[in-house]
Amino acid sequence: MIVDIFKNFQKNNKTGFIPYLVAGYPNNKVFEETLYLLDDLGSDMIEIGIPFSDPIAEGKIIEFAHHKSLENGFNYQDLFNITRKFKEKSNTPIIAMGYTNSFINPSPENFSKNLESANFDGILVVDLPYQEKEILECYKNNNLEFIQLIAPTSKNKTISESIKNDPSLIYYITQRGVTGLNNIDFSEVILKLKNIRKITDTPIITGFGIRKPDQVRKFSEYADGIVVGSFLIEKFLTSDPFREISNSIKPLIDELKNE
Amino acid sequence: MDNSYFGKYGGTFIPETLSFALEELENLYRQIKDDKSFKEDLNNIYADYVGRPSPLYFAESLTNKLGGPKIWFKREDLNHTGAHKINNTVGQALLAKKLGKRRIIAETGAGQHGVATATICAKLNIDCVIYMGETDIERQELNVFKIKTLGAEVIPVSSGTATLKDALNESIRDWVTNVESTHYIIGSVTGPHPYPTIVRDFNSIAGIELKNQFIKKINKLPDMIIACVGGGSNAMGVFYPFIEDKKVRLVGVEAGGKNTKDIGSASITDGSIGVLHGAKTKILQSITGEIKETTSISAGLDYPGVGPEHAYLADIKRAEYVKIYDKEALEAFYKVSRLEGIIPALETAHSLAYLEKIKDLGKSLNIVVNMSGRGDKDLYSVMNNDS
């Protein structure tokens with residue numbers, strides 16, 4: 001279970017590393033190989049973005065990846081074949097991250113069953129509010145854990161109400177804005193993380209705009225997991241993405257593992 | 001939560017960063033909407049700035065030509081800035097002032113909502129940024145220039161289809177980033193709760209006036225009200241005050257696009273349930289939930305979703321929704337221009353085209369078309385379409 005892995009980190013003062021990929025980007029083959037590469041580098045969970053035509057929380061880099069994957073003819077059969085195979089070889093949890101419309105079509109029942117049979121461990125739906133309990137229940141009933149997003153602007157009431165749904169993790173968004181922006185206010189993030197800790201002992205992961213080892217170091221004191229997305233996705237635009245990913249991601253993971 | 005839904009449609013499907021702003025907006029709106037001084041401010045602006053009440057006009061020549069029911073026009077096209085859009089923007093701009101927001105953003109497709117937003121921002125001295133798809137910027141050069149003349153900034157959007165839906169995405173991204181200083185004026189009865197309710201209420205002034213005008217003129221209610229539906233704000237505005245008057249037929253006209261084979265923009269007639277831009281509603285999408293690229297000769301109707309309350313009214317059969325194709329709308333555009341001396345917006349021309357389909361109804365009936373906007377903005381594209 002995802003929750004056990006991160007509770008364990010919490011208990012032992014460790015911090016997990018969580019990379020984000022977009023399914024089918026830049027193509028199925030490179031996407032699949034990158035999954036294995038990130039696993040080998042020591043990822044503790046992998047987020048897989050479900051490409052969507054209108055990804056409103058994404059910055060330019062990830063939005064481009066969503067659109068490119070769709071243009072390339074993204075389809076679920078390919079993705080599910082890749083994840084099934086991956087999970088036969090690895091225990092690293094995988095999360096489907098995306099937008100509500102992908103998760104309710106053709107129906108929540110149908111899509112949650114598909115994700116379960118494709119060996120996904122959980123979901124993170126960017127624009128699904130905690131009040132939509134029916135949809136969340138449906139995913140839970142199909143053995144998918146879920147992650148609750150909390151923002152800098154969230155009220156304490158939202159935090160305490162949303163954890164009543166029993167999320168496995170809280171994902172704290174480090175900044176106001178879309179993914180990949182570069183204006184994290186450290187002191188605010190730390191204040192907010194401490195505040196969430198006071199309200200719940202649900203493990204907390206954090207992300208949005210994280211690119212540097214010193215950021216990872218600072219946040220690891222307060223978070224149980226660090227998510228890296230745009231910084232990773234932009235490497236696919238280079239001539240040797242595998243090498244670029246190894247070179248840039250490894251220092252971040254080392255920073256966490258050497259705690 | 002319950003009041004955020006119309007039947008099974010509506011809700012607040014937005015990134016968590018925005019939830020406090022929607023809550024803040026809802027709370028303020030609830031406090032203020034029946035507040036005497038707010039209503040007074042709004043009514044003064046409606047009267048002296050927008051030019052309300054808009055006239056109810058008997059379209060005698062068109063009535064004679066069609067040879068069926070009596071046709072009336074509710075003249076929202078005579079409002080300041082030339083369409084119904086201003087009813088909503090002045091209301092929301094006053095709300096933004098009360099919320100202490102110093103900056104307003106809005107998306108626009110045809111440019112009418114952009115112009116209406118920039119107009120009231122100029123009057124109230126609020127910073128204004130308008131997001132507009134690059135494709136629409138090319139098609140609507142004049143409105144872009146109008147918006148800039150009014151002192152607002154136009155930010156071109158090149159992602160996706162570079163049209164209204166992408167301008168909306170970009171506005172939401174701006175709002176997520178600047179949520180504490182900025183109010184987002186959504187231009188239709190779409191988006192997350194409480195927008196569909198607020199935009200409907202501000203547009204309802206047209207329906208309320210219409211009711212009074214009809215009773216005064218012929219001492220009864222109309223038999224049918226026709227309005228075009230893209231997102232659906234002008235239609236919701238004239239329908240809403242008549243919902244309980246069950247004998248009044250309410251007809252929403254959607255854009256069918258080029259022909260019966262290709263996809264148009266008729267989300268209620270052709271769509272299925274999904275979530276787009278914060279609301280669960282009827283949308284045009286693939287089986288796995290990818291939003292489709294829509295088409296329509298009218299930029300204001302060219303949108304893959306529809307206000308959740310319309311989806312609800314369709315479900316409970318309180319309103320009927322029909323489709324009109326580009327060619328039919330164009331014919332009505334010319335016909336009404338020549339018969340009545342009123343050049344309608346292409347959006348409105350869809351409603352007018354529907355009159356052809358009901359001309360065999362009894363002559364004693366009274367039918368109102370909500371003239372949502374005037375056609376000045378469309379002359380350029382009609383000219384190009386003809387050549």
Side-chain angles (χ1 to χ4, degrees), chain A residues 50-60 63-64 66-67 70 74-77 79 98-107 110-111 114 125-135 148-155 157-159 161-162 170-173 175-179 181 183 208, chain B residues 1-2 4-5 8 10-24 157-161 164-182 191-193 272-281 283-293 304-305:
Chain A
I50 305 296
F52 183 51
S53 47
D54 298 79
I56 49 173
E58 314 300 346
K60 293 271 172 267
E63 183 193 32
F64 174 81
H66 278 244
H67 288 163
L70 291 172
F74 167 81
N75 73 74
Y76 286 111
Q77 270 331 306
L79 171 63
Y99 292 83
T100 306
N101 207 39
S102 306
F103 287 77
I104 60 168
N105 270 302
S107 73
N110 193 300
F111 195 66
N114 286 346
V125 189
V126 180
D127 56 348
L128 186 67
Y130 72 86
Q131 291 96 329
E132 296 290 337
K133 293 181 194 294
E134 247 176 71
I135 298 175
Q148 174 66 45
L149 279 173
I150 294 295
T153 52
S154 296
K155 293 186 173 157
K157 188 178 145 253
T158 303
I159 302 172
E161 284 297 314
S162 65
I170 282 175
Y171 183 142
Y172 178 74
I173 304 165
Q175 48 190 327
R176 292 157 187 77
V178 293
T179 52
L181 289 180
N183 51 2
F208 270 46
Chain B
M1 191 63 198
D2 280 339
S4 76
Y5 270 82
K8 58 185 173 187
T12 47
F13 294 86
I14 35 99
E16 168 57 23
T17 311
L18 297 177
S19 74
F20 93 96
L22 292 169
E23 207 182 305
E24 186 184 72
V157 179
S158 60
S159 60
T161 54
L164 176 60
K165 134 183 124 60
D166 308 284
L168 235 149
N169 291 341
E170 216 49 45
S171 306
I172 294 174
R173 292 187 179 114
D174 180 313
W175 201 31
V176 176
T177 312
N178 303 299
V179 57
E180 276 133 339
S181 67
T182 300
H193 174 73
S272 55
I273 295 188
V275 167
L276 179 65
H277 296 139
K280 189 186 276 186
T281 182
I283 60 180
L284 294 163
Q285 59 181 338
S286 70
I287 181 102
T288 54
E290 293 313 318
I291 311 305
K292 284 188 179 167
E293 275 183 43

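Lettering follows sequence order; numbering is per chain, from 1. Since this is a predicted model, take the numbers as computed values, not measurements.
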In terms of heavy-atom contacts, A:Lys155 and B:Phe20 come closest through CE-CB, 4.5 Å
Cut-off 4.5 Å, heavy atoms of chain A, and the answer for B:Ile291 is both
Between B:Thr177 and A:Arg176 the two heavy atoms that sit nearest each other are O-CB, 3.7 Å
- Task: Using a strict cut-off of less than 4.0 Å between a Lys/Arg side-chain nitrogen and an Asp/Glu carboxylate oxygen, indicate whether B:Lys8 and A:Glu134 qualify as a salt bridge.
- Result: no
Applying a strict 4.5 Å limit to non-hydrogen atoms, the region of A:Ile173 in contact with chain B is side chain
I'd like to know if the side chain of A:Thr153 and the backbone of B:Thr17 have a donor-acceptor N/O pair within less than 3.5 Å. yes
With the side chain counted from C-beta on, respond yes when B:Thr288 and A:Asn105 share a heavy-atom pair under 4.5 Å apart, and no when they do not. no
- Message: A side-chain contact here means heavy atoms from C-beta on lying under 4.5 Å apart; do B:Glu290 and A:Leu70 qualify?
- Response: yes
Exercise. Around A:Glu161, counting heavy atoms of other residues, nucleotides and ligands shown, do more than 12 lie under 6.0 Å from its CD?
Worked result: yes
Honestly, the part of A:Ser162 sitting under 4.5 Å from a heavy atom of chain B is neither
Whatever's closer than 4.5 Å to a heavy atom in chain B on A:Glu63 counts as side chain
For A:Pro129 and B:Thr12 the tightest heavy-atom approach is CG-O, 3.1 Å
Nearest heavy-atom approach of A:Ser154 to B:Glu16 is OG-OE2, 2.5 Å
Between A:Asn101 and the options B:Ile283, B:Ile273, B:Leu276, the side-chain contact (heavy atoms from CB on, under 4.5 Å) test singles out B:Ile283
Applying a strict 4.5 Å limit to non-hydrogen atoms, the region of A:Pro55 in contact with chain B is both
Interatomic distance, CG@A:Asp54 vs CG@B:Asn169, rounded to 0.5 Å, equals 4.5 Å
Side-chain touch B:Phe13/A:Glu132, heavy atoms, less than 4.5 angstrom | yes
The reported gap from NZ in A:Lys157 to OG in B:Ser19 (rounded to nearest 0.5 angstrom) is 9.5 Å
If one checks every heavy atom of A:Tyr76 against chain B at 4.5 Å, the contacting part turns out to be side chain
Shortest non-hydrogen pair, A:Val178 vs B:Arg173, comes out as CG1-CG, 3.5 Å
